[in-house]
A.B. asks: 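Okay, handing you the structure first.
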Amino acid sequence: MLIRQLFTAVLVSLVAFGIALMPTSDANAQKRGGILTYMIPSKGAASLDGHKETSYATIHPTAPFYSLLIQVDPSKPGAKELVGDLAKSWTVSSDKKTYVFKIHKGVKFHDGSDMTSRDALASWNKIVFPPQGILSARKAMFSMVDTITTPDSHTIVFKLKFASPAFIWAMAMPFNYIYSADVLAKNMRYYETKIMGTGAFKLVEYTPKVRIRGERFDQYFKPGRPYMDGIIGIFSPKQNVYVAALESGRAYSMFRGLPPQAVKDLLKARPGEFVVQSSTWNCALNITPNSYKKPFDNVKVRRALSLALDRWGGSRYLSKRAIVKTVGGVVFPGHPLAPSRRQLQTLEGYGTNVKKNREKAMQLLKEAGVPRGFKFTLNNRTTDQPYKIVGIWAVDQWRQIGLEVKQKVLPTSKFWAALRRPKSRMTEKGAFTVSIDFNCQAVVNPTVDISKYIPSSGANYGKYDDDVLERLYNEQLREPDFDKQKALLWDFQKRLTDQAWTFSTLWWHRTIVHNRRMKGWNITPSHYLNMGLVDVWLDLDK
Amino acid sequence: MTEAATDTPLSRVLPQTDRLLEVKNLKMYFPVTEGIIFQKTVGEIKAVDDISFFMRKGETLGLVGESGCGKTTTGRCILQLTKPTSGRILFEGDDITKFSSAQLRAVRRKIQVIFQDPYSSLNPRMSIGDIIGEGPSVHKITKSKAATLDRVKELLSLAGLPTNIHTRYPHELSGGQRQRVGIARALSMNPLFIVCDEAVSALDVSIQAQIINLLEELQEKFDLSYLFIAHDLSVVRHISNRVAVMYLGHIVELSDSLKLYEAPMHPYTQALLSAVPIPDPVVEKKRKPIILKGEVPSPLNPPAGCVFHPRCPAATDLCRNEIPVYEEKRPDHWVACHHPLDG
Amino acid sequence: MFPTMFFVSVVVFFLMQMIPGDPVELKMLGDGSGDFSPEQLTLERERYGLNDHPVIQFTNWMFGVVQLDFGVSILTDRRVSEDIAIALPLSFQIAIMSTLLATLLAIPLGTLAALRQDTWVDYLIRIFSIAGIATPGFFLGIMMIIGILVITNSQWAPPFDYKPIWVDPWYNLSMLIWPALATGYRYSAVAMRMTRSTVLEVLREDYIRTARAKGLVEKIIINRHALTNAMLPVITVIGIEFAFLIGGLVVTEQVFNLAGIGNLFVTAVELKDYMVVQALVLIVAFVFVFTNFFIDILYAWLDPRIRYA
Amino acid sequence: MTETVRVPAAADDLAAQVSWAQSILKFFREKPLGAAGLVIVLAYIITAIFADYIAPLDPLDVDYDLFNAKPSLDHLLGTDDIGRDLLSRLIYGARTAMLVGFVSSLVGATLGLFIGVASAYFGGIIDLITQRVVDVFISFPLIILALAIVTIVPDVEADMFLPEYLHWLWPDIFGTTLPVIVAITIPMIPRCARVVRASALALREMPYVDAARALGFSHLRIISRHMVPNVMAPYLIMLTAFMGQAVLLEASLSYLALGVQEPTPAWGLMLRGSAEQYFRSAPHAAIVPGLAITMSVFAFNVFGDSLRDVLDPRLRV
């Protein structure tokens, strides 16, 4: 018993900050067979078309059925380099404006047809240049793409208008499934409700909101894969249900992330049964004041709000009860382009001297003429994890600089309606005053990370105007030099912090508890990634 | 029937102002419907079918007939409690069926009502004082609470009730007392005209007499006119100047009460009279009551021709086919009959 | 029947129009990282015909409904009828199961309570039934899950994904018996009260006293006379409760994580999936109206005094 | 002729009081279950009103060191997943439940009362239309309608319509409970209207109503003074029946996360989220609020049943 707990403790500490270190000793002992049942913590996928969707509720059930062109390395998700999936290899021209991808030969679709560059072209055209009336959620990320061409049946070439380090990362987004050109030619919307790809698993049954079942695709192009005979994904939005499923061993995993308490309960209920993997999550929980409303039009007040937060103390407290932990800025903490911890602490509100911060905050409020006991409302989302819990924490933090904040929790639809209010209506009485906000990205890439904070972004819910931010973003987007880009990103961070249009509280923290029989899966900083399940295998003898 | 035809010689002689109330060609049909939304009318109940009469100031008109003959409906039409299907009701020369609700409210004060059932005619949740005083205070006849109370007390004593019962509730009073409250309520608006809808039918005979006496006293005092609705000829005999007899939505006979009782011209009136007991054993013994055959027909489907013909002992083919004209057969004596009796 | 249904459609449709926020926008936002232009939004709205005048939208919808086509879900792009076809068998099965449970519980217990009026048996049964009405379905469900977990020492929990009864009867029943119990208890409570009071009423009537006076055995009296006559109001209550069962299912399905009609409804309301909400509300109203119609026929059949032309 | 009644007014009042007290005593003797219900309801009301004095802690206060704590001396029922005192939240939850229960059933039943009476009084096309609308609303379960309505109701806050010095008129709790109150009130209106209309139809034929019309009173006056006071029995019965239903409905909506919103303490909210997620480690966190709901609805129901028996045994709700 004690040894088992120790073992778990060691495991937990092993998979510490950022990247998981999976024991690779038994990498050669993969066993074939078995069906993996996993829980999808959602009420159901909106549509099945990754190109238009943005939610894990689409990725988790559908990713095993598709291949990507290139992907984040499933065995080393934190690596700086990407690896190919359908792409055997790729080359980049010296001006970094031409990318040539070579595609594997002999790849088959589930319907038996051959997959060629034609299919890749059709799929990428749908993502980058969607026809009238077809939605592409990631079109804006590919603004740099000039043309896509296919010189031969196994080559696809992307020509860019300008060089950008963000391009290749955007390409590796797990949503960019390769569809069949023939199918798309017949019906552009086919993939919204149907599945037909080149993935390791072939669809057997899909019952919306209930379950998705796949069987091994025998003609999968990677030799010897997949290991498992099949997969079953079960939709369940309720934590007690999926935790019970994990506990009883009827499901082996849930790939989104469990709150600390559930992790503790599971480990206690079935010691030795689970493997814990954890990582900083590529999601930042932010707070956005409405700068169109008094007194938040005053930058001093906004800065005071940020200064009042004890981020380091909050990390210690909140990490025990919510899925947040890491203190960070706008760039994913731990990414090479992110500021160091020491550098981060020089940022206003990120220092460790809480008392000094709060004194300064109160001073700023005083200068801005905000009285003690000033009241305002914090808009929040009804979801417990982590929104509500962090919201309650923030309210308490502000209380300590003499602000009386009331949290208003809105159901998802009302929450979005509040955030999406057009700029012209931000001054109305019904507009939010201060709101919880967040930034979740699929791949770890600073350019993608900060795209939310530029004023022209569709996700700029503060509706602020700031030419400096816009300029810095565009400069770093085109900056090929690593150090210069890092400096520009830091300038961006500082500008944002100075203006406090929006500021981060903590980054999320992802903890996956899976059955020890499930092997070959590594945690990633994003719950969108690594859902292909190609390399996962089951050790059912244990 | 044109308007001129209903105008009587007498009415032409009398100045218009003398006619307090004039009912012309009054019809009240209740539709019988089917269906939920797109209702279609499948028939009509002809509760009141083309009646005309008038009332002079200070006069009491008795309106008599079996239950269901339309007499109460006539009263309700005059009170504007139901909107008549057609016809005119002239009160002091103005057609009140065409009045706006504001005009109506003003004229309503002058027309009041006393109901049959002293139990259901008083709101059980209100005190006697409130029941009587509500009208004057709502219509600002009395300007203050104290004035209202004084008025209530005055009305109570007029109605022959002790003035201290204004804090009481209806259930604490006897039937006769309640009817007096009803009278006091009707008087509270200083009316010119009161519809007494079977006002004494529900009371014991001894109380009936008291109430009728009271009504007569009040008539004299305030120069009131009464439309006295009853189902029994004997009740209206003493109080009425003239009496109208209704049958199945029609007035079959209207006359001076003396003439009507002495020499009825319509067989129906005769039959009704024969049923009234006479407090003289000798006369009573000699009398032969006329028993009408059959039941009152349904107003939904009234008989063709004279409505009374299926039950009339003197009915002929003429009666079966043609509706008799309601006309003044003798001076001040209107009858609707093909074969009027000659008394 | 049809006018009511039409009114229902009108009310529902225009109620949905009043919901603040745009479902298309909500869908396109997804998890919050969606990035799209206003033109895309307009285009997508165009695709669902949401830019049309509400009256035109309504007319189009009604034309579809008449042909049993409830439109396309804005959220999933699936035909609403498909989603309903998936959810309906599950909810329907729970509804049937809880109706059976309720009837089996309610009629004997209600009759017993009436026969033993004002004894401890009566009191117990009445408290049991009022408790049924007072206990929220979700609380009962949670208690059941806790109970199961405690009794089985966390070894056993009901299945969590639905398989139709004809595919795997045991699996299906071991999953659905719990929600059926949770909704059925409340249901039976209502029927039980009705049974008790109608049996009491009938027992007081003359012909029962006559039967007793004639010396008929008590049991025969109860079965032949009292029950048959008391059945009519009980059937009404059972029928109306059946029509209203979806109300109970809304919460119960949440507790037990069932992808039934109730769940579909709550999700659709949350995400403002117009088409689904409209369709479901219409179906609920239809079930109600149809059940009432069915009860009327049953009435005529059970009671020879009532014959409808 | 002189049937006088000689009881001085003061004695009259006294007599009324005695009979009032007596009737309560009679109710307690004859309907012990209903009386028990009444006592429980009163206890809940007192808890709701004096929550500030009864609750040991502020229901919003977060104890940073204790979350999901077991019952202890500091926290008699333990704490929830963010470290708030469960007992205090339970007590303040009574305030939310009673507020929603009373306001929505009072408003719903009263509006239903007036609509039902007016519908019966005016009759004709008005009655027809009203009844059709009522039909539509009645063919849905309460919760379905409430769910559909709750998303429509906008959030109203004091600063949207009141100057600052009048904010006390609109306590915060109204802002968070208003959508729920509206969502529960609206489906109740037609239900009450239907029952009341049935009684009022008979009233419309009452001569005293005719007398009131003959006296030239306005429709409003006749409805409110002469008809409404005489349909109090069905109204009161519906009212008490609604209270239990409203409490249950509020809990259900909150449980579905579409009702009262965090951090306002509400029983339904206490049952969702952490209570449900962690009931293996802290089952009491789910059981206690559930019992609170059940008890209150139970009390309202038994009280309502007994009241119905006393007022009008023929009416079944």
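All chains are named by letter (A, B, ...) in the order of the sequence lines, taking the proteins before the strands, and each is independently numbered beginning at 1.
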A.B. asks: For the atom pair CD1 (Ile287(D)) and CE (Met143(C)), what is the distance rounded to the nearest 0.5 Å?
C.D. replies: 4.5 Å

A.B. asks: Taking side chain as C-beta onward, heavy atoms only, is Arg186(C) less than 4.5 Å from Leu248(D)?
C.D. replies: yes

A.B. asks: Considering only heavy atoms from C-beta outward, does the side chain of Thr135(C) approach that of Phe298(D) to under 4.5 Å?
C.D. replies: no

A.B. asks: Under 4.5 Å from any heavy atom of chain C, what part of Leu253(D) do you find: side chain, backbone, both or neither?
C.D. replies: neither

A.B. asks: Do other residues, nucleotides or ligands put more than 12 heavy atoms under 6.0 Å from the CZ atom of Phe92(C)?
C.D. replies: no

A.B. asks: Passes side chain to side chain contact (heavy atoms under 4.5 Å, CB included), Phe139(C) versus Leu271(D)? Steps please.
C.D. replies: CA-CA 8 Å; Phe139(C) 178 51; Leu271(D) 265 167; 4.1 Å; yes

A.B. asks: Provide the closest heavy-atom pair for Pro141(D) versus Val284(C) in the form atom of the first, atom of the second, distance.
C.D. replies: CD-CG1, 3.6 Å

A.B. asks: Measure distances from Ile127(C) to the heavy atoms of chain D and classify the residue's part below 4.5 Å as side chain, backbone, both or neither.
C.D. replies: both

A.B. asks: Applying side chain to side chain contact (heavy atoms under 4.5 Å, CB included), run through Phe6(C) and Val136(D) and close with a yes or a no.
C.D. replies: CA-CA 9 Å; Phe6(C) 180 75; Val136(D) 167; over 6 Å; no

A.B. asks: Counting C-beta onward and ignoring hydrogens, is there a side-chain heavy-atom pair between Ile133(C) and Val297(D) closer than 4.5 Å?
C.D. replies: no

A.B. asks: Measure distances from Val255(C) to the heavy atoms of chain D and classify the residue's part below 4.5 Å as side chain, backbone, both or neither.
C.D. replies: both

A.B. asks: Is there side-chain contact between Ser252(D) and Phe138(C), with at least one heavy-atom pair below 4.5 Å?
C.D. replies: yes

A.B. asks: For Ala285(C) versus Phe140(D), what's the shortest heavy-atom pair and its separation?
C.D. replies: CB-CE2, 3.8 Å

A.B. asks: Let me know if Val281(C) has heavy atoms under 4.5 Å from chain D in its side chain, its backbone, both or neither.
C.D. replies: both

A.B. asks: Nearest 0.5 angstrom please: Leu33(D) CG to Tyr123(C) OH, how far?
C.D. replies: 7.5 Å

A.B. asks: So which of Thr294(D), Asn301(D), Leu145(D) has the largest heavy-atom pair count under 4.5 angstrom toward chain C?
C.D. replies: Thr294(D)

A.B. asks: Can you name the nearest heavy-atom pair linking Phe288(C) to Ile138(D), along with the distance?
C.D. replies: CZ-O, 4.2 Å

A.B. asks: With side chains defined as the heavy atoms from C-beta onward, is the minimum distance between Arg126(C) and Val302(D) less than 4.5 Å?
C.D. replies: no

A.B. asks: Chain C heavy atoms under 4.5 Å from Leu258(D): which part of the residue, side chain, backbone, both or neither?
C.D. replies: side chain

A.B. asks: Less than 4.5 Å apart, side chain to side chain, heavy atoms only: is that true for Phe265(C) and Leu147(D)?
C.D. replies: yes

A.B. asks: Counting only heavy atoms not in Phe294(C) (residues, nucleotides, ligands), do more than 12 fall under 6.0 Å from its CZ?
C.D. replies: no

A.B. asks: If I measure from the heavy atoms of chain D, does Val277(C) come under 4.5 Å with its side chain, its backbone, both, or neither?
C.D. replies: neither

